[in-house]
Protein chains: 2
Amino acid sequence: MTQAKTAGRPYHHGDLRRALLAAAAEAIEEAGPAALSLRDLARRAGVSHAAPAHHFGDKAGLLTAFAAEGFELLAAALQRIWAETGSLRELGVGYVRFAVDHRAHFEVMFRPDLYHRDDPEVLAAGRRARDALRVGVAAHRPGGDEAERVDLAAWSMVHGFATLWLGGAFSEREVGDDLEAAAREVIRQVL
Amino acid sequence: MTQAKTAGRPYHHGDLRRALLAAAAEAIEEAGPAALSLRDLARRAGVSHAAPAHHFGDKAGLLTAFAAEGFELLAAALQRIWAETGSLRELGVGYVRFAVDHRAHFEVMFRPDLYHRDDPEVLAAGRRARDALRVGVAAHRPGGDEAERVDLAAWSMVHGFATLWLGGAFSEREVGDDLEAAAREVIRQVL
DNA sequence: GGCGCATCTTGTCAATGTAAAGATATGCTC
DNA sequence: GAGCATATCTTTACATTGACAAGATGCGCC
């Protein structure tokens, strides 16, 4: 027979890899990375529970690809912002904006115990994102050790702000509900 | 019979709750919170696989207690530092130091999808830690909105630095191997 | 001395990750 | 266009886990 038990479903999905990564984003946004289940992703994509293994090996393999995708997205977003505004502050706001808009990716990217941290693609994508941040600081404070320290401080700042916001650590009284406004005020403190 | 199958093990552990929390710290330091297994903790403590459920209900319950313990430890550490030095910078260094010295606790505390975020004990302990940070900023920059913004910036900064350090996001070239020195330099940027 | 209750064990079940082996489609070669 | 190698997906199976229920044990209190 040419059809599986579920009528209308072809034996070959066609674009399963992409579908699984999209399903992962959904699932993680709903319940966090800890609750992620490969079998649930397979169900969402309409394939058998063992299908994901072919594309990603194991669960960590899937999250590796997911993290790499996230770093690519972040690098692209930061490069676009820098090209359009040339503003270091906007670069920082963009970093925070990315964390909130791509919450699932962000939560996996910086949790390397969930994936294969030495995978070449993740490493390369991570470097691209990191470099996209660095150009802004280099332009703002050119030269030497000073720039290096400002760079670390700026990264720490926006990363911490994004992480705390996502974790719900800020009270309403502290930050209100306007993400970008709050981020801009905080970023101003370090520039 | 008064002995379980493993000779020498009494039926009652005596201090199982504390033993399980200690085992959790070990296990999480070894493999991260995602790989934590209640049955493994039970094995480490030398009790049956269902024993943890009595003290903590379920896995999230155990992590709730673990997070609360972490916030208590953090609050105590910060209060001690403030009392001894009265320095906002040292308060920040202490925050980073805590994250590294109590890595397992820190990694759970700010991941509320792992535990019961609305548990009264966690909420209270979290507030105590938060307040311990705030006093430093209030003393350093007294009065009004400005202090509020500096407070958020300082917290974001040290939290981001600690998180990125723990995640291995910094390269050796960027920070060297001296945690406190690197933290001090970065903190200086926001004060 | 006995009773109530907290503590811990044993047994069980559904769900999950992973591996192995088989089924099906796709594309390349001739 | 026929046949075959290979990528893709399914089925089956197994060990591990979290959670629940029911029973065993012993501590403390009257």
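Just so it is clear: chains get the letters A, B, ... in the order the sequence lines come, proteins before strands, and each one is counted from 1. It should be emphasised that the depicted structure is a prediction, and the values quoted were computed from it without experimental measurement. The basis for the numbers below is simple: all heavy atoms, side chains too, and nothing from hydrogens, waters or symmetry mates.
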> Hey, is the main chain of A:Ile187 close enough, under 3.5 Å, to the side chain of A:Arg89 for a donor-acceptor pair?
Replying inline: no
>> Once you measure the plane-to-plane angle for A:Phe170 and A:Phe161, does it fall in the parallel (<30°), tilted (30-60°) or perpendicular (>60°) bin?
In response: tilted
> With under 30° as parallel and over 60° as perpendicular, where do the rings of B:His159 and B:Phe106 fit, or are they tilted in between?
Replying inline: tilted
>> For DNA chain D, which residues of residues 50-65 of chain A approach it to below 4.0 angstrom with any heavy atom?
In response: A:Ala50, A:Ala51, A:His54, A:His55
>> Contact list please: residues 34-42 of chain A against DNA chain D, heavy atoms, distance less than 4.0 Å, in numerical order.
In response: none
> Taking 4.0 angstrom as the limit, do A:Asp131 and A:Arg127 come out as a salt bridge?
Replying inline: no
>> With a 4.0 Å cut-off on N to O distance, would you call A:Glu107 and A:Arg111 a salt bridge?
In response: no
> Are A:Phe71 and A:Leu123 grouped together when hydrophobic residues (ILVMFWY) are joined by side-chain heavy atoms under 4.5 angstrom apart?
Replying inline: no
> According to the ring pair (Phe, Tyr, Trp, His ring centres under 6.0 Å) rule, which pairs have a member within residues 15-67 of chain A, sequence neighbours left out?
Replying inline: A:Phe66-A:His105
> Quick one: B:Leu16 CG to C:dT7 C1', roughly how many Å, whole number?
Replying inline: 9 Å
> By salt bridge (Lys or Arg N to Asp or Glu O under 4.0 Å), which residues pair with B:Glu180, not counting sequence neighbours?
Replying inline: B:Arg97, B:Arg184
> Under the salt bridge (Lys or Arg N to Asp or Glu O under 4.0 Å) test, which residues partner B:Asp151, sequence neighbours left out?
Replying inline: B:Arg130, B:Arg134
> In degrees rounded to 10°, what angle is found between the helical axes fit to the five outermost pairs at each end of the helix from C:dG1-D:dC30 to C:dC30-D:dG1?
Replying inline: 10°
> Centroid-to-centroid, B:His102 to B:Phe98, below 6.0 Å?
Replying inline: yes
> Is any N or O donor-acceptor pair between the side chain of B:His49 and the base of D:dT16 shorter than 3.5 Å?
Replying inline: no
>> Regarding A:Arg17, tell me which of base, sugar-phosphate or nothing describes its non-hydrogen contacts under 4.0 Å with the strands shown.
In response: nothing
